Amino acid sequence: MARSFEDRRSVHQKIAAGLRREITRGDLPPGSQLPSTPALMEQYGVAGTTVQKALLMLKEEELLVGQPGKGVFVQGGTQQAISPAVYMPPAAIGEPYRWISEAEKRSQRGSSKLLEVAVVTPPHEVGQALKLEEGGQALLRKQILMLDDEPTELTKSYYPLGLAEGTAMMEQRKIRGGTPTLLSELGYPPLEFVDEVSSEIPTEEEVVRLQLPKDMPVMLTLRVVYSDNERPIEVSLLTKAAHRYRMRYRIPVP
């Protein structure tokens, strides 16, 4: 017989979760005004302090904003859909990194900040995906990607040393067109990528880099990029704020 189960979150967390879903899915669009505190008290059958705790959570997430004398309004919007496939092809000669060019198509300003370039022993799952021997090393290039100056994605990309050594990937500087362009120039064009997406509790670095509100999960993607003969040429750990973005995949029917 199945065990009974109950939601053990506090009442204000449950209220915030319901309102958050309405905001991120577009049922409460930006600029719309929430009912008054007395109205929300009656709707949920709770005290005013409980309503205020729920609204405070969403204000800290920048989804709501209070306007003195007027009320509480939706400030955030629906989650922005990110289509991974558009970023995979190498940029054309002279063109910027695709993160920047794709942002321009959406009337946004894309930018990136290179945080670290180092030879490291990668995490276990990354080493396996790169087919490294136990304790083998890889090149790490870590950066933060931004849209309109808002931190969007923390990217940790790992490359086989045999491909990276002697190239611009080893240098503490950005690469014109991004690493897919450079890898293609080296004879290793990205031909296929495999994503594994999970919801995770953020690390301290992720909270700080992505400026996450308290208790907000992240969306973590493990991406393996393959070239000719199914050779892994890049493995990335991509972390996004789960309440701001969603992934969009268009998959043709075989």
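Keep in mind it's a predicted model, so treat the numbers as computed, not measured.
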Check: Q33 side chain, K70 main-chain N or O, donor-acceptor pair, under 3.5 Å: yes
If you define the side chain from C-beta out and look only at heavy atoms, does anything of L183 sit under 4.5 Å from M169? yes
Can D7 and R9 be counted as an ion pair, charged N to O under 4.0 angstrom? yes
Testing the basics here: between P151 and R244, what is the closest heavy-atom pair and its distance to 0.1 Å? O-NH1, 3.6 Å
Under 4.5 Å side-chain linkage, directly or through intermediates, the cluster mates of L56: none
Closest approach of G110 to L147 (non-hydrogen atoms, all atoms of both residues): CA-CD2, 4.2 Å
Worked check of side chain to side chain donor-acceptor pair (under 3.5 Å) between Y159 and E234: CA-CA 5 Å; Y159 304 90; E234 175 185 300; 2.9 Å; yes
Apply side chain to side chain contact (heavy atoms under 4.5 Å, CB included) to E200 and E206, showing your working. CA-CA 11 Å; E200 305 279 349; E206 291 164 346; 5.9 Å; no
Taking atom CD as the centre, does E230 end up with more than 12 heavy-atom neighbours from other residues, nucleotides or ligands that are less than 6.0 angstrom away? no
Side chain proximity check, R209 to T239, heavy atoms < 4.5 angstrom: no
Check side chain to side chain donor-acceptor pair (under 3.5 Å) between Q13 and all other residues, then give those that pass, not counting sequence neighbours. S10
Could you tabulate the donor-acceptor pairs under 3.5 Å formed by side-chain atoms of residues 185-192, not counting sequence neighbours?
none

Same apolar cluster: V194 and L132, side chain cutoff 4.5 Å: yes
For V117, side chain to side chain contact (heavy atoms under 4.5 Å, CB included) partners two or more places apart: L114, L139, R141, Q172
Do you reckon L130 sits in the same ILVMFWY cluster as L238, going by side-chain contacts under 4.5 Å, direct or chained? no
Return the CE to CD distance between M247 and Q79, rounded to the nearest 0.5 Å. 12.0 Å
I need the Q108 CD to I100 CD1 distance, nearest 0.5 Å. 13.0 Å
Answer yes or no: is there a side-chain heavy-atom contact under 4.5 Å between I82 and M219? no
Can you list the residues that meet the side chain to side chain contact (heavy atoms under 4.5 Å, CB included) rule with S101, with sequence neighbours excluded? P96, R98
Any side-chain heavy atom of V74 within less than 4.5 Å of one from L64? yes
Which salt bridge (charged side-chain N to carboxylate O under 4.0 Å, His left out) pairs, counting each pair once, include a residue from residues 111-129, with sequence neighbours left out? E116-K142
Begin from the C-alpha positions of R20 and M216 and carry the test side chain to side chain contact (heavy atoms under 4.5 Å, CB included) through to its verdict. CA-CA 12 Å; R20 185 187 298 111; M216 180 55 59; 3.9 Å; yes
Looking at side-chain heavy atoms only, is the closest gap between I175 and T167 below 4.5 Å? no
Atom pair NZ (K14) and NE2 (H12), whose distance is rounded to the nearest 0.5 Å: 11.5 Å
Can you find a pair of side-chain heavy atoms, one from L237 and one from L222, that are under 4.5 Å apart? yes
Please list all pairs meeting salt bridge (charged side-chain N to carboxylate O under 4.0 Å, His left out) that have one or both residues in residues 148-164, counting only residues at least two apart or in different chains. R109-D149, E153-K240, K156-E205
Find the distance between CG (L19) and CG (D27) and round it off to the nearest 0.5 Å. 11.0 Å
L145 reachable from Y245 in the ILVMFWY side-chain graph, under 4.5 Å edges: yes
4.5 Å side-chain heavy-atom contact, K53 and M57: no
Quick one: hydrophobic cluster around M146, which other residues, with the 4.5 Å side-chain cut-off, linked directly or via members? L115, I144, L154, V207, L210, L212, V218
Would you mind writing out the side-chain donor-acceptor pairs for residues 34-46 within the sub-3.5 Å range, not counting sequence neighbours?
from, atom 1, to, atom 2, distance (Å)
S36, OG, A39, N, 3.3
T37, OG1, Q52, NE2, 2.8

Residues pairing under ring-ring contact (aromatic ring centres under 6.0 Å, His included) where one sits in residues 97-142, two or more places apart or in two chains, turn out to be Y87-W99
Taking the side chain as everything from C-beta on, heavy atoms only, tell me whether M170 gets closer than 4.5 Å to V119. yes
May I ask you to check whether over 12 heavy atoms, not counting those of R8, lie within 6.0 Å of atom CZ? no
Please enumerate all residues that pass side chain to side chain donor-acceptor pair (under 3.5 Å) together with D195, with sequence neighbours excluded. R223, Y249
Residues 157-181 vs salt bridge (charged side-chain N to carboxylate O under 4.0 Å, His left out), sequence neighbours excluded, gives E171-R173
Taking F193 as the starting point, is it possible to reach I233 by hopping between hydrophobic residues whose side chains are less than 4.5 Å apart? yes
Can you get from V65 to I15 by hopping between Ile, Leu, Val, Met, Phe, Trp and Tyr side chains that sit under 4.5 Å apart? no
